[in-house]
Each structure stands twice: as structure tokens, then as C-alpha cells.
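These numbers come from the heavy atoms of this one structure, side chains and all, not from hydrogens, waters or symmetry mates. Residue numbers run from 1 in the order of the sequence given. This structure is a prediction, so every number in the text was calculated from the model and none was measured.
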Amino acid sequence: MRRTNTIPIGRMIIDIKTLKRLWHYLRPYWPLELLTFVTMVLVTMVTLAIPLAIQYMVDDLIPSLSAADRFELKPIVLFALVLIGIYFFNVLFTWTRDYFIGRIAAGIVRDIRSDLFYHLEKASLRFHHRNSVGELMSRVLSDVNRIQELMTSVLLMLLANILMLAAILIYLLQVNWVLTLIALIPVPLTILLSHSFGRRMHRLVNEYQQSFARLSARLQETLSSLTTVIAFGQEKREQARVDRESRRLGGWIVKTSVTASLSANLIHFVNMLGPIVVLAWGTYLVAGGGIKLGALIAFYLLLTYLYQPVQDLASINVEIQSAMAAVNRIFEYLDLEPAVVEDANPVRPKQIIGTIEFSNVHFFYEENSFVLDVEQLKIEPGETVAVVGPSGGGKTSLINLLLRFFDPQQGRILIDSIDIKRLSLSTLRNSIGLVEQSPVLFRGTIFENIAYSNAEATAEDVERAARIANIADFINTLDNGYQTEVGERGVTMSGGERQRICLARALLKDPPILILDEATSALDSTSEQLIREALKTVLVSKTAIIIAHRLATVQFVDRILVMENGCIVASGTHEQLMSDSDTYRELASNQMIG
């Protein structure tokens with residue numbers, strides 16, 4: 001017979017590989033898991049002691065006191081103290097169990113979220129362009145919580161209930177095996193019900209998680225673009241979209257809640273059939289002297305305890321099946337291939353000088369889409385090169401390949417004659433400073449944002465970079481200076497201020513290669529002129545690539561590359577290109593540059 005790597009849970013098939021991957025996160029906490037299981041054994045023992053104590057009270061203690069010649073208080077006091085002790089240790093052991101479970105859960109959540117965030121950081125830009133931040137956050141937050149519940153309370157309660165079930169069955173069979181077998185009649189029906197509801201819960205929870213992700217994505221997109229929404233008077237439109245997603249989510253919440261409640265109550269009803277029969281039959285036995293009253297009471301109490309593990313096991317099956325939807329969603333992201341892979345034995349040169357070469361590079365994002373072709377391009381150390389051209393010509397793609405955000409399908413890109421695929425990623429990224437067209441600031445202070453590129457930078461280093469970037473005077477006018485909070489994504493700063501802070505961040509890094517992607521696009525003419533003057537000094541010892549749409553900003557460079565349709569169609573100084581390149585002349589004419 002052919003062997004399969006799956007096991008059935010209810011009617012759902014779970015891949016053994018998936019269970020092994022889940023065990024990977026549980027394994028580091030096995031000492032705490034062991035302690036938790038020990039406390040569960042203790043909780044089970046204390047729980048079983050309560051019905052036995054009541055049986056002793058009814059069948060032994062009360063008759064002995066009634067038969068005594070005189071009333072004695074001491075046995076009653078001792079019995080009360082024993083009961084107090086039983087309940088005290090029940091509380092103590094239960095609290096200890098829950099404490100251990102909390103510790104394990106916190107660790108598992110931290111580990112899974114860390115791995116998931118790492119994979120998302122390594123995912124391709126194409127992946128992030130296709131998936132909203134809200135969707136990613138839903139999986140990192142909501143779905144991970146579902147896995148945490150599955151791998152802590154669910155699995156541990158599974159072991160505890162099996163233990164409780166075994167202990168109770170052994171006792172009940174010794175007391176009256178006929179009554180025990182009668183009481184077990186509803187169990188198969190309970191199992192069938194749990195399987196049926198489990199399948200439905202799995203589907204409902206999967207739909208709920210997807211609906212939650214859509215709502216999260218809608219909220220994130222709207223709130224992050226609130227200025228645009230208000231400017232165009234689209235508040236009601238966005239409110240309607242959010243309300244629509246909220247109603248859909250509410251519908252799945254109701255369906256999930258109703259299904260879970262119906263499952264629990266129907267199973268509870270079926271489970272109570274056994275105790276009812278036991279009470280009726282037990283009453284007959286007590287009246288006929290076949291069993292003592294205390295034994296019947298203890299039997300009944302333990303029987304209710306018996307059905308609780310059965311019911312819990314049934315609900316655990318439902319939980320497992322519903323949680324697998326979140327497991328699959330998490331592993332879908334954990335299985336993402338990284339955008340680039342570091343060489344097994346990466347090169348880590350002591351120093352990068354800054355020579356850049358593109359050799360027969362061919363790159364496309366997707367089949368039948370934009371294609372970048374660069375046959376030969378060499379940028380010498382200390383040379384400042386501008387890349388201009390119409391939108392969609394390939395300027396940004398050129399930079400993305402140099403930074404290894406993507407790898408070309410053909411050809412090589414070299415820095416100091418070393419293929420960047422062989423360079424360690426840390427060496428590559430530490431050797432290049434980037435100032436993006438859309439300035440990105442993080443929640444925190446101005447100082448923290450500038451120092452983001454160099455954690456070891458001193459206050460003097462930060463201030464020097466700010467002066468070069470022409471932002472120091474503005475910072476000094478603020479009440480809190482460099483400790484001023486910039487707000488989320490720098491909302492308290494103007495576009496030009498944000499861009500100059502980002503420029504200071506790149507300059508503080510002091511890399512041998514500097515990339516400016518429209519770094520002066522948001523500056524006024526005065527600030528732009530000051531920045532250009534500063535860059536003339538800064539770029540003397542650096543290899544620099546400046547992406548520009550405004551040709552006026554690149555008059556001082558050593559060489560200008562003109563890109564069109566993914567190819568470098570011309571190269572030279574401004575004067576040479578005005579003479580030799582139709583594309584460059586057209587750009588200059590459109591910008592009224594002579």
C-alpha cells in the first residue's frame with residue numbers, strides 16, 4: 001500500500017510536514033511544556049478528589065456521626081479543612097498551569113512573528129507591490145494569534161483531557177461497569193457532531209480571516225491617504241467602503257459565532273443524555289440497595305467530569321480545524337522565496353573604491369513586460385553620473401539592479417570588478433547610500449531619523465550631515481531641535497524638509513557610492529542651489545548616480561546618460577548631448593533649457 005505523509009484530523013487532512021513545522025516552534029519550550037503537563041496532572045488529581053470527598057461524606061462520615069453516642073465536631077472540622085485544601089491547591093495548580101501556558105504562548109508568538117517579518121523583509125518588491133500593508137499586518141497579527149492558541153492551550157488541553165478521561169473511566173468502571181457503558185453511549189454521536197461542525201468552522205474561519213485582512217487593508221490605505229481623501233471630498237465614499245467591508249466581516253463573525261454556539265450546545269445536550277439515564281437507573285439501584293447514595297453522587301459528578309473532556313476534545317477538534325486556515329496563511333508567506341539570495345561564501349572586501357560596471361545586463365519584471373538592456377556601462381570611482389530620460393525609460397530599474405532589489409536574468413553587475421551576486425549583502429548595502437524620490441521618515445526624532453544610517457554616529461556627526469544637507473538652520477529654529485518628533489512618516493515636516501533630512505541620513509552613512517533619486521525634486525530653487533553647492537564638495541570622493549527629471553539639476557555632473565525604452569541611447573556632457581541626442585534635446589526643449 002502506498003504510504004502518505006498525511007494524517008486525518010476529523011475529516012480534514014493535515015500534512016505531517018506542516019505538523020513538523022509547527023513542532024519547530026514548540027520544541028524550544030519543552031521544559032515549560034513538561035512543567036505545564038505536570039501541573040495539569042496535579043489539577044486532574046485535585047479535581048477527582050472533590051467527588052471522592054463528597055462520597056466519603058455521604059457514605060461514611062455522616063453515618064458514623066449519626067451512629068456515635070455523642071456528637072463530635074472534630075471530624076467535621078477536619079473534613080472542612082481537607083475540602084479547603086483541595087480547592088486551594090486546585091486554584092494554585094490552575095494558576096501555575098495558566099502562567100506556564102502564557103509564557104509558552106508569548107515565546108511562540110514572538111518567534112513566529114520574527115520569522116514572518118524576516119521573510120517579508122526578504123520578499124521581492126514585486127510581492128510588496130501586489131499585497132497591501134493591511135493584508136500583511138493581518139497575517140502578522142491576527143493569524144499568528146490563531147497559531148499561538150493552537151500550539152499552547154489547544155494542544156496542552158488535549159493532553160490534559162486525555163489524562164482526565166483515562167483516570168475517570170478507570171474509576172467509573174470499578175464502581176459500576178454497566179452504568180459506565182450506558183453512560184458512554186452518546187460519545188460516538190458527540191464525535192460525529194464535532195467532525196461535522198469542525199469542517200464548517202474551518203471554512204468559516206478562513207473566510208473570516210480573509211474578510212478581516214480586506215478590512216485591515218482598506219483602513220490602512222484610507223488612513224495613510226487621508227489628505228487626498230479630504231482634498232477630493234471623498235470622506236463619504238471611503239466611509240461607505242469601510243462600512244461595506246465591516247458588514248461583510250460582521251456577517252462572518254455572526255456565522256462563526258452561531259456555528260460555534262450551536263456546536264457547543266448541541267454536543268452538550270447529547271452529553272447530558274447519559275447522566276440522565278444514570279440518575280434514573282442509579283435511583284433504582286440505591287432504592288434496592290445495589291449502590292450507596294454517596295457512590296451514586298460521586299458517580300454522577302465524575303460522569304459530568306467525563307463528558308467535559310469528551311466535549312473539550314470535540315471542541316479541540318473544531319479549534320484545530322479552524323486554526324489550520326491561519327496556519328496555511330502563515331506558511332504561505334513563510335514559503336516565500338527571497339528576492340535575492342546571498343552567495344554561500346560571500347566576498348567581504350576590506351574597502352570598496354566605487355567602480356561600477358554593467359555588462360550585457362538583460363532584465364524584465366514579468367514576461368511580455370518592460371525590458372532593460374544595458375550592454376556596457378562603466379562608472380569610474382569619484383565620477384558623478386546623471387541618468388535622465390522620459391518616464392518609464394528604465395532609470396529606476398537601473399538603480400534597483402545595482403542595489404540588488406532584483407537580479408537580472410542575464411549579464412553581470414560589478415563593483416570594483418566583483419560581481420555583486422558574490423558580494424555579501426551587508427557589504428553591498430553598506431557601500432551604497434540612497435536618497436529616494438519619496439522621502440521616508442520613521443516615527444521618532446529628527447536625530448533618530450538622520451542617525452538611522454549609522455547607529456554609532458555622534459551628535460557632532462549628525463549635525464555635520466545636517467549642515468551639508470542644508471537642514472541644520474531649520475532644525476535649530478525648532479523648540480526641541482534635533483529631539484523634535486517628526487510624526488508618522490514625517491507628517492509634521494514639509495516635503496522639502498523631509499527630503500533634506502533623508503539627504504543628511506545618506507551623507508551621514510558616508511558610503512563610497514551615493515545614489516540620489518530625484519533628491520532635490522521637492523526643494524525650492526534657493527535650497528536646491530545650496531544643496532547643489534554642497535554636493536559638489538561631498539561628491540568629490542564618491543561615485544555618484546543622480547536620477548533626474550529636471551535637467552537643470554544635473555548641469556554640474558561629469559557625464560549624463562540618456563535612457564529610453566530600457567536602453568542607454570546617449571552619453572556625454574550637456575553640450576555634447578544637445579548636439580548629438582534628439583531625445584535629450586527634446587527633454588531640454590520641453591523644460592526650456594538651452
Side-chain angles (χ1 to χ4, degrees), residues 118-119 121-127 337-365 370-387 394-436 452-457 505-517 519 535 538-547 557-561 563 566-568 571:
Y118 173 82
H119 278 75
E121 282 189 310
K122 298 297 182 182
S124 67
L125 293 182
R126 186 183 300 110
F127 167 82
E337 294 293 335
V340 295
V341 179
E342 188 172 68
D343 190 272
N345 297 297
V347 177
R348 294 183 173 87
K350 293 182 179 180
Q351 183 180 8
I352 293 293
I353 298 174
T355 304
I356 300 172
E357 296 178 72
F358 284 72
S359 178
N360 298 315
V361 171
H362 180 82
F363 169 74
F364 55 86
Y365 292 100
F370 167 84
V371 175
L372 179 75
D373 273 308
V374 180
E375 292 185 4
Q376 294 294 329
L377 169 64
K378 185 173 183 179
I379 302 175
E380 300 291 346
E383 185 179 11
T384 300
V385 173
V387 184
K395 302 183 293 296
T396 300
S397 297
L398 194 74
I399 299 307
N400 287 340
L401 292 176
L402 179 60
L403 286 163
R404 272 204 88 189
F405 292 160
F406 303 94
D407 283 333
Q409 282 78 19
Q410 298 176 19
R412 298 193 305 161
I413 302 172
L414 303 94
I415 293 180
D416 294 352
S417 300
I418 304 172
D419 192 326
I420 62 174
K421 291 183 179 179
R422 296 186 58 230
L423 279 175
S424 72
L425 289 175
S426 60
T427 299
L428 176 65
R429 304 281 162 74
N430 289 334
S431 301
I432 301 176
L434 173 66
V435 182
E436 299 174 83
Y452 186 79
S453 63
N454 185 355
E456 299 178 357
R505 176 196 296 162
L507 297 177
L508 177 66
K509 187 178 181 181
D510 194 27
I513 300 171
L514 187 63
I515 298 174
L516 306 176
D517 187 359
L535 288 177
V538 172
L539 298 181
V540 168
S541 59
K542 299 184 185 301
T543 303
I545 300 176
I546 301 176
I547 304 295
V557 303
D558 300 314
R559 183 162 42 127
I560 300 174
L561 306 178
M563 293 200 70
C567 299
I568 297 175
S571 173

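- Put simply, the side chain of R559 never gets that close to the backbone of T384: no donor and acceptor are under 3.5 Å apart.
- At least one donor-acceptor pair closer than 3.5 Å links the side chain of E342 to the backbone N or O of L425.
- Taking CG from L372 and CZ from F406, the interatomic distance works out to 12.0 Å, rounded to the nearest 0.5 Å.
- For the pair P349/I418, a side-chain contact is recorded, criterion being any heavy-atom separation below 4.5 Å from C-beta on.
- Every side-chain hydrogen bond (donor to acceptor under 3.5 Å, both in side chains) that T427 has, sequence neighbours left out, goes to S424.
- A 4.5 Å side-chain heavy-atom check between D517 and V435 finds every atom pair outside the cut-off.
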Apply side-chain contact (heavy atoms from CB on, under 4.5 Å) to the pair R505 and L508, showing each step before the final yes or no.
CA-CA 5 Å; R505 176 196 296 162; L508 177 66; 5.8 Å; no

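- Within a 6.0 Å sphere centred on CD of E380, heavy atoms belonging to other residues, nucleotides or ligands number more than 12.
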With side-chain contact (heavy atoms from CB on, under 4.5 Å) as the test, would you mind laying out the steps for V385 and D558 before giving the verdict?
CA-CA 6 Å; V385 173; D558 300 314; 5.8 Å; no

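- At least one donor-acceptor pair under 3.5 Å links the side chain of D416 to the backbone N or O of G354.
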side-chain contact (heavy atoms from CB on, under 4.5 Å) between T355 and T543, worked out
CA-CA 7 Å; T355 304; T543 303; over 6 Å; no

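- Residues L434 and A506 come closest through the heavy atom pair O-CB, 4.1 Å.
- One finds the CD1 atom of I352 at 5.5 Å from the CG atom of L423 (value rounded to the nearest 0.5 Å).
- A distance of 9.0 Å separates CZ of R412 from OG of S417, quoted to the nearest 0.5 Å.
- A distance of 6.5 Å separates CG of L398 from CD1 of I545, quoted to the nearest 0.5 Å.
- I547 places none of its side-chain heavy atoms less than 4.5 Å from the side chain of L516.
- No side-chain heavy atom of F363 sits less than 4.5 Å from a side-chain heavy atom of D373.
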Please report the C-alpha distance between D510 and K542 in whole Å, then the side-chain angles of each, then the deciding distance to 0.1 Å, and finally whether the salt bridge (Lys or Arg N to Asp or Glu O under 4.0 Å) criterion is met.
CA-CA 9 Å; D510 194 27; K542 299 184 185 301; 2.5 Å; yes

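- I560 and V557 get closest at one heavy-atom pair: CG1-CG2, 3.6 Å.
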Where do L377 and I568 land on the side-chain contact (heavy atoms from CB on, under 4.5 Å) test, with the steps shown first?
CA-CA 9 Å; L377 169 64; I568 297 175; 3.9 Å; yes

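- Residues passing the side-chain hydrogen bond (donor to acceptor under 3.5 Å, both in side chains) test with K509: none are found, sequence neighbours excluded.
- Nearest heavy-atom pair across L401 and P408 is CD2-N, 3.9 Å.
- Pairing each heavy atom of S359 with each of Q376, the nearest pair is OG-NE2, 3.4 Å.
- To the nearest 0.5 Å, the span separating OG on S431 from CD1 on I356 amounts to 10.0 Å.
- Atoms CD1 and CG, from I420 and L428 in turn, are 5.5 Å apart once rounded to the nearest 0.5 Å.
- The side-chain hydrogen bond (donor to acceptor under 3.5 Å, both in side chains) search around D407 returns R404, not counting sequence neighbours.
- Under the 3.5 Å distance criterion, the side-chain polar atoms of Q409 are matched with a main-chain donor or acceptor of F364.
- When every heavy atom of V387 is checked against every heavy atom of K395, the shortest pair comes out as O-CD, 3.5 Å.
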